[in-house]
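All chains are named by letter (A, B, ...) in the order of the sequence lines, taking the proteins before the strands, and each is independently numbered beginning at 1.
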Number of protein chains: 2
Amino acid sequence: MTVTLADVAARAQVSPATVSRVLNGNYPVAAATRERVLRAVDDLDYVLNGPASSLAAATSDLVGILVNDIADPFFGIMASAVQSEITGPGGRAGGERMAVVCNTGGSPERELTYLTLLQRQRAAAVVVTGGAIEDATHAAAIGRKLRRLCDAGSRVVLCGRPPTGAAPDAVALTFDNRGGGRRLTDHLIGLGHRRIGYIAGPTERTTTRHRLEGHQEALAAAGVANDPLLTLHGPYDRRSGYDATLELLRREPRLTAVVAANDTVALGACAALRDRGLSIPGDVSVAGFDDLPFSIDAVPALTTVRLPLYEAGARAGRIATGREEEPPGGIATVHGELMVRGSTGAPRRH
Amino acid sequence: MTVTLADVAARAQVSPATVSRVLNGNYPVAAATRERVLRAVDDLDYVLNGPASSLAAATSDLVGILVNDIADPFFGIMASAVQSEITGPGGRAGGERMAVVCNTGGSPERELTYLTLLQRQRAAAVVVTGGAIEDATHAAAIGRKLRRLCDAGSRVVLCGRPPTGAAPDAVALTFDNRGGGRRLTDHLIGLGHRRIGYIAGPTERTTTRHRLEGHQEALAAAGVANDPLLTLHGPYDRRSGYDATLELLRREPRLTAVVAANDTVALGACAALRDRGLSIPGDVSVAGFDDLPFSIDAVPALTTVRLPLYEAGARAGRIATGREEEPPGGIATVHGELMVRGSTGAPRRH
DNA sequence: TCTCCAATAGAAAGCGCTTGCTACGCATGC
DNA sequence: GCATGCGTAGCAAGCGCTTTCTATTGGAGA
């Protein structure tokens with residue numbers, strides 16, 4: 001029913017081997033023969049059987065991309081970058097590589113499931129984005145899985161995640177979250193803020209911890225006491241920023257600044273402040289993290305730390321497909337850039 | 001080197017057939033035997049070979065999702081919804097289905113390429129999101145491809161795209177862009193606006209045309225002349241909204257409202273107005289389309305047409321995996337809801 | 001006690017492709 | 001003029017799995 005290689009071979013009056021070689025282009029075939037084969041392919045609307053091809057060749061053109069939330073531009077941008085870089089003449093069959101984007105929802109179980117699925121598909125490469133869970137058991141399980149993927153021949157690239165000791169062959173492009181957090185709070189302290197609320201991300205995640213540590217580092221360096229009551233944890237969403245801001249205001253009415261775990265949370269913080277009738281940055285300054293596209297359109301525009309998500313994703317994609325050298329030691333740090341905009345200013349005198 | 005079914009069989013002292021049956025769970029296997037097999041699987045860290053399995057079974061667990069731009073939440077939300085619905089006990093091997101998200105960048109060539117790739121992988125289903133190109137040649141080519149996919153046994157669901165005559169077996173979940181556009185402009189006219197600028201999306205796309213037609217329908221119904229100078233086309237991005245707004249202001253300084261092709265474009269329009277020192281909605285009202293998450297955080301909050309992207313994507317996912325009945329005739333229309341917020345108001349008297 | 005059937009396991013034939021090896025020319029070198 | 005080698009094409013053996021068909025049980029029913 002469906003057209004196979006053999007059908008094409010018959011029509012072109014050559015052997016299946018020749019058709020395969022024309023399609024893969026990695027073996028000399030006389031121009032006239034190639035012509036004939038290609039015409040037959042065209043005439044019959046032949047489409048290679050991917051699974052059969054992958055089975056025989058023991059490789060595949062699939063590249064997995066693990067993201068926490070594909071609807072979040074933070075991940076969408078990285079995924080888009082990875083995909084744009086892996087595209088192009090693929091490994092075999094003149095085909096292109098395909099990106100398999102997997103939504104883990106941040107759950108380590110699902111992360112593990114998807115890694116198994118990718119291993120099952122014999123993925124050519126896997127790019128894992130987003131911070132890691134800090135739970136030792138899970139981290140170990142994922143590390144083991146990644147190592148097995150490496151052993152099975154898949155390239156593994158971590159993008160925006162610290163290296164895993166368990167998988168030494170995996171390349172890691174780590175975001176300098178700690179440094180970014182440090183610079184952000186330094187900036188606020190420099191403006192004169194002393195009572196700064198911090199809305200952190202979910203606990204048990206490296207990203208959350210590093211950003212928070214940077215913040216605390218800045219406080220310590222300036223000799224500002226770190227009041228634990230002024231740090232709240234929550235998911236990376238608008239709602240969390242909204243609720244936490246109200247709570248911070250309750251705990252410390254003299255608050256002059258709020259640092260959010262990321263831009264989305266910051267947007268929620270802004271909304272809460274507006275609803276409370278407080279002006280930004282007149283009454284309270286707000287800062288985010290990531291510099292997602294919408295941040296510049298917030299009113300006032302959000303001060304934040306710009307992470308080069310697209311660039312990092314693109315690099316991950318190139319490394320995953322072997323088009324760029326691995327960084328020395330398999331580890332590279334990607335730095336963020338402080339973007340000072342309208343949402344932060346000097347605190348008003350109380 | 002790598003562990004195969006046969007290895008597991010040997011260790012469990014059963015035949016490969018039995019192992020396969022345990023893994024697929026679609027054939028009676030005695031509890032004790034299953035136990036033994038599962039232990040062997042575990043002991044050996046066995047991972048099924050996906051390509052081999054797909055080849056032998058002539059089906060795969062891959063579901064393709066075509067999107068114009070994965071970094072755009074409009075598509076990200078749909079993709080996320082599709083993926084969350086296709087997940088769960090997959091077709092075979094106790095595995096789950098995997099989503100393959102393909103970034104077409106809106107280019108019909110790449111759309112075609114990806115459809116071929118998916119056909120090559122023998123995808124279980126394909127969900128195509130985003131408006132269609134109106135170029136007859138491309139439309140026909142894509143229609144043919146979709147039909148071939150259907151013929152090859154893949155389910156095809158169009159999500160947010162009008163039905164294709166060429167692929168009668170494809171289910172279509174169409175957005176009521178025309179109706180939404182109509183209601184939006186009706187709203188503005190109701191507020192008293194008469195000089196309304198329209199920043200349309202890229203030409204040659206069904207989405208663009210339908211939204212614009214709705215707008216013009218509303219104008220006509222209210223007896224407002226449709227000045228072609230007040231309609232500009234551009235891509236679906238912020239920049240386009242910014243530039244077009246400046247141009248509209250140049251063409252018609254007495255403009256009192258701007259309708260944008262979508263929320264992102266509307267954000268650009270807002271930025272341009274702010275930069276020109278115009279207040280929203282005091283001087284100029286602004287309206288968007290889609291109601292993406294950030295729209296409510298615009299200042300003032302954006303009046304827009306809410307498209308149930310998540311719901312539509314989820315439904316597409318369920319239909320794609322056969323967990324929901326197809327709509328009668330294979331076609332369903334998804335309606336948008338007008339969200340009136342702060343960015344639109346009565347025009348100031350000139 | 002014997003037959004028959006349900007339940008379970010195995011043997012083996014592919015699925016459609018890739019690729020190592022072989023075969024066949026024909027031009028070249030001595 | 002014969003051996004050598006290069007440029008092409010074919011043969012056939014898998015790749016690792018699924019599934020049909022067959023074989024072997026151990027009761028249950030007669």
Give the rounded distance in Å between these two atoms: CG of Leu5(A) and P of dC17(C). 4 Å

If you fit an axis to the five pairs at each end of the helix from dT1(C)-dA30(D) to dC30(C)-dG1(D), how big is the angle between those two axes, to 10 degrees? 40°

If you pin Thr18(B) and Pro51(B) to their nearest nucleotides in DNA chain D, which one's is more 5'? Pro51(B)

Gap between atom CZ of Arg120(B) and atom OH of Tyr114(B) - 0.5 Å precision: 12.5 Å

N/O donor-acceptor pair under 3.5 Å between Arg97(B) side chain and Asp61(B) backbone: no

Using only atom types and a distance under 3.5 Å, with no angle test, would you say the side chain of Arg110(A) pairs donor to acceptor with the backbone of Asn103(A)? yes

Counting only side-chain nitrogens and oxygens, does Thr33(A) get under 4.0 Å of the OP1 or OP2 atom of dA9(D)? yes

Between Val29(B) and Leu55(B), the residue closer to the 5' end of DNA chain C by nearest nucleotide is Val29(B)

What's the closest nucleotide to the Val14(B) side chain, out of dC17(C), dT19(C), dG10(C)? dG10(C)

Has the side chain of Arg122(A) got a donor or acceptor atom sitting under 3.5 Å from an opposite partner on the base of dG16(D)? no

Does the side chain of Ser53(A) get closer than 4.0 angstrom to OP1 or OP2 of dT18(C) through an N or O atom? yes

Nearest-Å distance for atom pair CG/C1', residues Leu48(A) and dC15(C): 14 Å

Which nucleotide, dG10(D), dG14(D), dA9(D), lies nearest any side-chain atom of Ala30(A)? dA9(D)

Can you tell me how far C1' of dG14(C) sits from CG of Asn49(A), to the nearest Å? 14 Å

Hey, which sits more toward the 5' end of DNA chain D by its nearest nucleotide, Arg21(B) or Ala17(A)? Ala17(A)

Can you tell me how far apart OG1 (Thr116(B)) and CZ (Arg148(B)) are? Round to the nearest 0.5 Å. 8.0 Å

So, does Thr4(A) get its side chain near the phosphate of dG16(C), meaning an N or O under 4.0 Å from OP1 or OP2? no

Between the base of dG16(D) and the side chain of Arg120(A), is there a donor-acceptor distance below 3.5 Å? no

CD of Gln119(A) versus P of dG16(D): gap in Å, rounded? 14 Å

Within a radius of less than 6.0 Å around CD of Gln13(B), do more than 12 heavy atoms belonging to other residues, nucleotides or ligands occur? no

Nearest-neighbour nucleotide for the Tyr27(B) side chain, dG16(D), dT8(C), dC17(C) considered: dT8(C)

Rounded to the nearest angstrom, tell me the gap between atom CG in Asp7(B) and atom P in dC15(D). 12 Å

Give the rounded distance in Å between these two atoms: CZ of Arg34(B) and C1' of dT8(C). 12 Å

Is there a donor and acceptor pair, one atom on the side chain of Arg36(B) and one on the base of dT8(C), closer than 3.5 Å? no

Between Asn24(B) (CG) and dT18(D) (P), how many Å, whole number? 5 Å

Short question: side chain of Asp69(B), backbone of Ala71(B) - any donor-acceptor pair under 3.5 Å? yes

Given that Ala56(B) and Gln13(B) both sit by DNA chain C, which one's nearest nucleotide is further toward the 5' end? Gln13(B)

Donor on one side chain, acceptor on other, Glu109(A) and His138(A), under 3.5 Å: yes

Report yes if a side-chain nitrogen or oxygen of Ser20(B) is closer than 4.0 Å to either non-bridging phosphate oxygen (OP1 or OP2) of dT18(D); otherwise report no. yes

Check the distance between dC15(C)'s P and Gln121(B)'s CD and give it to me in whole angstrom. 20 Å

Flag, side chain of Asn24(B) to backbone of Ser20(B), donor-acceptor distance under 3.5 Å: yes

